**Q** 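Sharing a structure, written as structure tokens. Questions coming.
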Amino acid sequence: DWSDEAVIYVNGVRRVLPDGLAHLTLLQYLRDIGLRGTKLGCGEGGCGACTVMVSCYDQTTKKSQHYAINACLAPLYSLEGMHIITVEGIGDRQRGLHPVQERLAKAHGSQCGFCTPGFVMSMYALLRSSKHPPTEEQIEDSLAGNLCRCTGYRPIIDAFRVFAKTDDSLYTASPSENANGQAICPSTGKPCSCRNETDVNANESSTLSSVKVYLPCSYNEIDGNSYSEKELIFPPELQLR
Ligand code: FES
Ligand code: FES
């Protein structure tokens, strides 16, 4: 009987937790099953290297909710009935990087890389839990629990700025719009949130007069009506629990 099992999903894969693992944190479990992208830094909730996204289903609103948590602090069994997404679950070089990973790499937001999975998952969880693009302030707040000893943070914040609400006046080429004012994707011709990579010439006298800006492609449709094919959805089985 499945209702007697302690079930979690990890990166879309169903896992039954056996008895006898009450001494484990989620982080120890993830690393034990081979998901070593999630790092052990401080082990006490201070550094964010172990950040993963946890999704649970709200029976009242009938919607899944997403949170970034420190896996080093979460007792394994407390995650029963939830979906855990780690950095391995959102993209890699073989399947293709997720826009969050791609941005961090392109903007030199990763040096030794130890903190990187944590930053990626904090940003990813913010995007998945936001209906609209977050503000720059919300992005900075969401990274407050992530420490980096290498980069000085600026490249990381700069990398993720493209996920914030943008000021259209910064872009020389605005996306075309349909009659309802929705942006039209230049590649699919359908309404979406993506824009082309654009040369920014916001201010001729600025030293940043020609900066390449890579804008994310439809990331905020992840939890909209059209799931991105690559994106992991909330497991239907867990909605019934
Ligand atoms: Fe530092 Fe979890 S390992 S917060
Ligand atoms: Fe080394 Fe952040 S890149 S700790």
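First listed ligand is number 1; within each ligand, the first listed atom is number 1. Everything numeric in this text was worked out from a predicted model, so none of it was measured.
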**Q** Taking only heavy atoms of G43, which atoms of ligand 1 are found under 4.0 Å from at least one of them?
**A** 1 (Fe), 3 (S)
**Q** Work out which heavy atom in H66 is nearest to a heavy atom in S55; give both atom names and the distance.
**A**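 It is ND1-OG, 2.8 Å.
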**Q** Kindly indicate whether the side chain of K62, heavy atoms from C-beta on, has any atom under 4.5 Å from the side chain of Y57.
**A**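 Contact flag for K62/Y57 side chains = yes.
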**Q** For ligand 1, which atoms have a heavy atom of G46 less than 4.0 angstrom away?
**A** 4 (S)
**Q** Considering non-hydrogen atoms only, spot the tightest contact between V120 and Q101 and give its length.
**A** CG1-CG, 3.8 Å
**Q** Around atom CG of D58, are there more than 12 heavy atoms from other residues, nucleotides or ligands closer than 6.0 Å?
**A** yes
**Q** For ligand 2, would you mind listing the residues that have at least one heavy atom less than 4.0 Å away, ordered by chain and number?
**A**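 These residues qualify: Q111, C112, G113, C115, C148, R149, C150.
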**Q** Would I69 end up clustered with L24 when hydrophobic side chains under 4.5 Å apart are linked, directly or stepwise?
**A** yes
**Q** Could you list the atoms of ligand 1 found under 4.0 angstrom from a heavy atom of G45?
**A** 4 (S)
**Q** Taking a hydrophobic cluster as the set of Ile, Leu, Val, Met, Phe, Trp and Tyr residues connected by side-chain heavy atoms closer than 4.5 Å, whether directly or through intermediates, do F114 and L30 fall within one such cluster?
**A**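 Different clusters: F114 never reaches L30 through Ile, Leu, Val, Met, Phe, Trp or Tyr contacts under 4.5 Å.
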**Q** Is any N, O or S atom of C50 under 2.8 Å away from atom 2 (Fe) of ligand 1?
**A**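 C50 does place an N, O or S atom closer than 2.8 Å to atom 2 (Fe) of ligand 1.
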**Q** Within a distance under 4.0 Å of any heavy atom of C42, pick out the atoms of ligand 1 and give their elements.
**A** 1 (Fe), 3 (S), 4 (S)
**Q** Please determine whether residues V13 and I33 belong to a single hydrophobic cluster, defined as Ile, Leu, Val, Met, Phe, Trp and Tyr linked transitively by side-chain heavy-atom distances below 4.5 Å.
**A**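 Each belongs to a different hydrophobic cluster.
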**Q** For T135 and E137, which I'm curious about, is there any donor-acceptor pair between the side chains at under 3.5 Å?
**A** no
